[in-house]
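Below is one structure; the comments refer to it alone.
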Amino acid sequence: MAMKTYTLFLILLLANVAFANHYHFIVKETSIKRLCKSKKILTVNGKFPGPTIYANKGSTLIVHVLNNSKYNITIHWHGVKQPRNPWSDGPVYITQCPIQPGSKFKQKIILSDEEGTIWWHAHNKWARATVYGAIIVYPKPGTSYPFPKPYAEIPIILG
Ligand SMILES: [Cu+2]
């Protein structure tokens, strides 16, 4: 019960703070166990689903991506409009070259009017099947939600 109260308190607290603007993503193969079997999958920071990004509406984020896999990869910031900044939005071979194995790339994410939960995912062939996570965009500090303040929040990611 104490843990539940603590978690709820933490979630409510997050709604009123400014978040870090820099994230570090290391794309690598990770061994995971599901249904009694181990399998190697591509992950970010060894997590599946990958790390959640927390941000405020209108902020700019920098995600330092290091590709430690043996595949070309990009990360797409799905649902982010990226005004006048398509060059690090992630669609591989369309607006961005792939991040090659052993290389790094600084992805700039410009949030404009997005608010709520969107997501990021890998953008090269099958890699998107395991390389993804949530982006939770809170109101600007000092402003309120455009709807009644939620009692709690639980991100659900369908992969
Ligand atoms: Cu997408």
Side-chain angles (χ1 to χ4, degrees), residues 11 14-15 17-35 37-141 143 145-147 150 152-159:
I11 288 169
L14 286 175
V17 297
F19 300 100
N21 287 23
H22 286 257
Y23 287 83
H24 292 266
F25 279 18
I26 299 174
V27 180
K28 61 181 180 179
E29 282 201 324
T30 304
S31 191
I32 63 148
K33 198 171 185 177
R34 292 287 191 278
L35 298 174
K37 284 187 177 181
S38 286
K39 189 172 186 160
K40 282 196 169 184
I41 62 168
L42 221 49
T43 66
V44 167
N45 300 348
K47 293 179 169 185
F48 179 63
T52 299
I53 290 179
Y54 297 94
N56 291 103
K57 182 179 178 179
S59 59
T60 296
L61 309 168
I62 302 292
V63 180
H64 305 264
V65 181
L66 170 61
N67 184 3
N68 271 350
S69 79
K70 54 186 173 187
Y71 310 99
N72 284 343
I73 208 161
T74 54
I75 305 289
H76 179 226
W77 316 99
H78 197 107
V80 180
K81 292 177 184 165
Q82 290 273 43
R84 302 169 79 183
N85 184 46
W87 319 118
S88 66
D89 189 42
V92 68
Y93 300 115
I94 299 171
T95 58
Q96 187 181 328
C97 294
I99 306 167
Q100 296 180 356
S103 300
K104 46 185 156 180
F105 186 73
K106 202 164 55 171
Q107 304 239 204
K108 187 176 183 182
I109 303 141
I110 299 175
L111 297 169
S112 52
D113 58 0
E114 298 85 3
E115 201 164 18
T117 303
I118 45 183
W119 69 308
W120 57 265
H121 62 88
H123 213 287
N124 202 8
K125 299 179 182 171
W126 50 266
R128 72 184 71 196
T130 58
V131 178
Y132 57 79
I135 306 172
I136 301 177
V137 186
Y138 291 96
K140 287 182 180 177
T143 65
Y145 290 95
F147 45 81
E153 57 183 44
I154 302 166
I156 297 174
I157 302 171
L158 305 174

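Note that ligands are numbered from 1 as they come in the structure, with each ligand's atoms numbered from 1 the same way. Hydrogens, waters and symmetry mates are skipped; everything else that's a heavy atom, side chains included, is used.
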Report yes if the distance between the aromatic ring centroids of His22 and His24 is under 6.0 Å, otherwise no.
no
Please answer whether the main-chain N or O of [Y] pairs with a side-chain N or O of [X] as donor and acceptor at a distance below 3.5 Å.
X	Y	result
Asp89	Thr95	no
Ser88	Gln107	no
Thr130	Leu42	yes

Protein N/O/S atoms under 2.8 Å of the Cu ion (ligand 1)?
His76 ND1, His78 ND1, His121 NE2
Gap separating the CG atom of Asn45 from the CZ atom of Phe25, nearest 0.5 angstrom
7.0 Å
Answer whether the closest heavy-atom distance between the side chains of Ile53 and Trp77 falls below 4.5 Å.
yes
